Amino acid sequence: MPSKLLSQAFRSHPFHHPHKNLDLNSIKELPDSHAWTSVRDEHHSVEGCNVELVPIIDLNNKNAMELIGHASKTWGIFQLVNHNISKSLLEDIELAGKRLFSLPMQQKFKAGRSPDGASGYGVARISSFFPKLMWSEGFTVIGSPLEHARQLWPQDFQNFCDIIEDYQKEMKKLAGKLMWLMLGSLGINEEDVKWADNKGEFEGGCAALQFNYYPACPDPERAMGLAPHTDSTILTILHQSNISGLQVLREGCGWVTVPPLPGALVIHVGDLLHILSNGLYTNVRHRAMVNRTQHRLSLAYLYGPPSTVKISPLPKLVDHFHPPLYRPITWSEYLGTKAKHFDKALKSVRLCVPRNGFIDTNDQNSVQVG
Ligand SMILES: C=C1C[C@]23C[C@@]1(O)CC[C@H]2[C@@]12CCC[C@@](C)(C(=O)O1)[C@H]2[C@@H]3C(=O)O
Ligand SMILES: O=C(O)CCC(=O)C(=O)O
Ligand SMILES: [Fe+2]
């Protein structure tokens with residue numbers, strides 16, 4: 001049932017798919033509808049910043065908790081190795097995604113996301129906030145993919161469903177473990193978070209699986225794969241395969257590429273963990289670029305709390321000097337707010353401006369105070 005609630009988060013903000021029949025795979029010249037003017041000039045990389053590397057953390061390291069906490073504060077993102085997700089599962093799910101996107105357009109649209117729905121095939125929901133379209137296709141799974149898989153492969157849907165189920169199971173375990181390491185590093189334990197058990201595999205826990213596909217692009221300098229955004233999650237586990245494209249916005253540095261590291265998974269801090277941590281952890285702003293010769297596939301596991309639980313700054317992190325920065329909000333409500341306000345969603349739930357000051361990664365005009 002909780003996944004149903006998550007699927008209903010967009011009811012009051014339907015989204016209509018633009019350019020239903022445009023197949024990016026067969027276009028030889030970038031259409032005006034997809035030509036972004038300032039893709040590369042916005043937030044130029046700063047001299048000396050190219051030495052900055054997104055942290056790489058070994059889950060087997062005895063100091064993993066501290067390292068993860070530090071990376072979550074300073075970057076809001078890190079690459080995770082020795083995560084224990086098997087290579088064959090990662091290969092299988094990547095293949096399943098490639099098989100999906102290589103289907104004919106009319107077949108993919110049979111599993112099209114409905115305007116007020118959350119799952120199925122379509123362009124990124126955030127498309128409606130930008131004047132130009134993105135050079136990508138997406139497929140979102142919430143709960144079981146059975147209904148959509150049947151539409152995609154009427155004779156042969158079971159294999160896809162089995163792989164998704166295995167992947168969701170493994171991701172849920174890893175996400176729970178990571179959440180506790182992230183919270184543990186702030187001194188938070190099970191007694192402090194009533195809705196989660198010690199594995200973070202809470203009853204009614206929610207997640208979405210997002211396949212992103214970026215076809216090779218005739219004019220990558222002027223195209224955008226996935227526009228800058230933060231994820232509305234506790235955390236996101238991204239499998240970005242072996243083609244580069246992911247970039248993160250680093251304060252004072254501009255856009256920094258997250259190079260694919262064989263076998264590594266990329267972990268993002270999302271908006272809800274930023275809220276839970278009362279602003280201590282950085283909800284990382286990121287985007288995906290495209291390239292001229294290679295198709296790129298990425299797969300995001302978007303992990304959140306049970307969709308009806310109110311999320312607010314954890315009491316242990318709040319005191320006279322650190323007042324709560326955000327009002328309580330459920331994941332489902334937050335997704336609705338994001339569908340309405342996009343980059344301003346976090347600001348719309350903010351109670352006060354922090355004394356010591358942090359940068360709201362979504363707020364282009366934010367000024368540090370204190
Ligand atoms: C749970 C969710 C987060 C997400 C919206 C969704 O309902 C499922 C897709 C997710 C995704 C993936 C690509 C980027 C993003 C901003 C988008 O448009 O769809 C995220 C959404 C989010 O984190 O807000
Ligand atoms: O494709 C990527 O590297 C990024 C995908 C992403 O940001 C997302 O799915 O939320
Ligand atoms: Fe993202």
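Just so it is clear, the structure is predicted and the values come from calculations on it, not from any experiment. Remember, it's 1-based here, ligands and their atoms both numbered in the order they're listed.
- Scored by the ring pair (Phe, Tyr, Trp, His ring centres under 6.0 Å) test, Phe160 finds Trp153 as partners (sequence neighbours excluded).
- Close contacts of ligand 1 with Ile126, meaning ligand atoms under 4.0 Å from a residue heavy atom, involve 16 (C), 18 (O).
- Ring geometry for Tyr213 versus Phe101: interplanar angle under 30°, hence parallel rather than tilted (30 to 60°).
- In this structure a side-chain-to-backbone donor-acceptor pair under 3.5 Å is present from Asn278 to Leu325.
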In a table with atom names and distances, give each donor-acceptor pair under 3.5 Å that connects a side chain of residues 69-76 to protein atoms at least two apart or in another chain.
from, atom 1, to, atom 2, distance (Å)
Ser72, OG, Ile68, O, 2.7
Thr74, OG1, His70, O, 2.8

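- Distance check: Tyr214 OH to Met134 CE gives 9.5 Å after rounding to the nearest 0.5 Å.
- Taking a cut-off of under 4.0 Å to the non-hydrogen atoms of Ser232, the atoms of ligand 1 that pass are 22 (C), 23 (O), 24 (O).
- Residue contacts with ligand 1 for Thr140 involve side-chain atoms from C-beta outward but no N, CA, C or O (heavy atoms, distance under 4.0 Å).
- Contact atoms of ligand 1 toward His229: 14 (C), 16 (C) (distance under 4.0 Å to a heavy atom of the residue).
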Report task. Would you sort out whether Phe342 and Phe130 count as a ring-ring contact (aromatic ring centres under 6.0 Å, His included), showing the intermediate values? Result -> CA-CA 11 Å; Phe342 181 45; Phe130 297 90; 5.6 Å; yes
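- The option from Arg287, His286, Met134, Arg125 that lies nearest to atom 18 (O) of ligand 1, judged by heavy atoms, is Arg125.
- Between the Gln107 side chain and the Gln151 main chain, a donor and an acceptor come within less than 3.5 Å of each other.
- If you number the atoms of ligand 1 from 1 as listed, the ones under 4.0 Å from a heavy atom of Asp231 come out as 23 (O).
- Side-chain atoms of Gln79 never come within 3.5 Å of backbone atoms of Val258 as a donor-acceptor pair (strictly under, hydrogens ignored).
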Query - Chi angles and distances behind the side chain to side chain contact (heavy atoms under 4.5 Å, CB included) call for Leu174, Asn84 - result: CA-CA 9 Å; Leu174 180 59; Asn84 221 10; over 6 Å; no
Tabulate distances under 3.5 Å between N/O atoms of ligand 2 and N/O atoms of the protein, writing both atom names on each line.
from, atom 1, to, atom 2, distance (Å)
ligand 2, 1 (O), Tyr214, OH, 2.6
ligand 2, 1 (O), Arg296, NH1, 3.1
ligand 2, 1 (O), Ser298, OG, 2.7
ligand 2, 3 (O), Arg296, NH1, 3.3
ligand 2, 3 (O), Arg296, NH2, 2.8
ligand 2, 7 (O), His229, NE2, 3.2
ligand 2, 7 (O), His286, NE2, 3.0
ligand 2, 9 (O), Asn212, ND2, 2.9
ligand 2, 10 (O), His229, NE2, 3.3
ligand 2, 10 (O), Asp231, OD1, 3.3

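- Short contacts between ligand 1 and Leu302, defined as distances under 4.0 Å to a heavy atom of the residue, involve ligand atoms 10 (C).
- Listed by number with element, the atoms of ligand 1 under 4.0 Å from a non-hydrogen atom of Trp331 are 1 (C).
- At a cut-off of 2.8 Å, measuring from the Fe ion (ligand 3), the protein N, O or S atoms that fall short of it are His229 NE2, Asp231 OD1, His286 NE2, waters left aside.
- Counting heavy atoms under 4.0 Å from ligand 1, residue Tyr303 does not touch it at all.
- Note: Phe139 and Phe211 have tilted aromatic rings, judged against thresholds of 30 and 60 degrees for the angle between ring planes.
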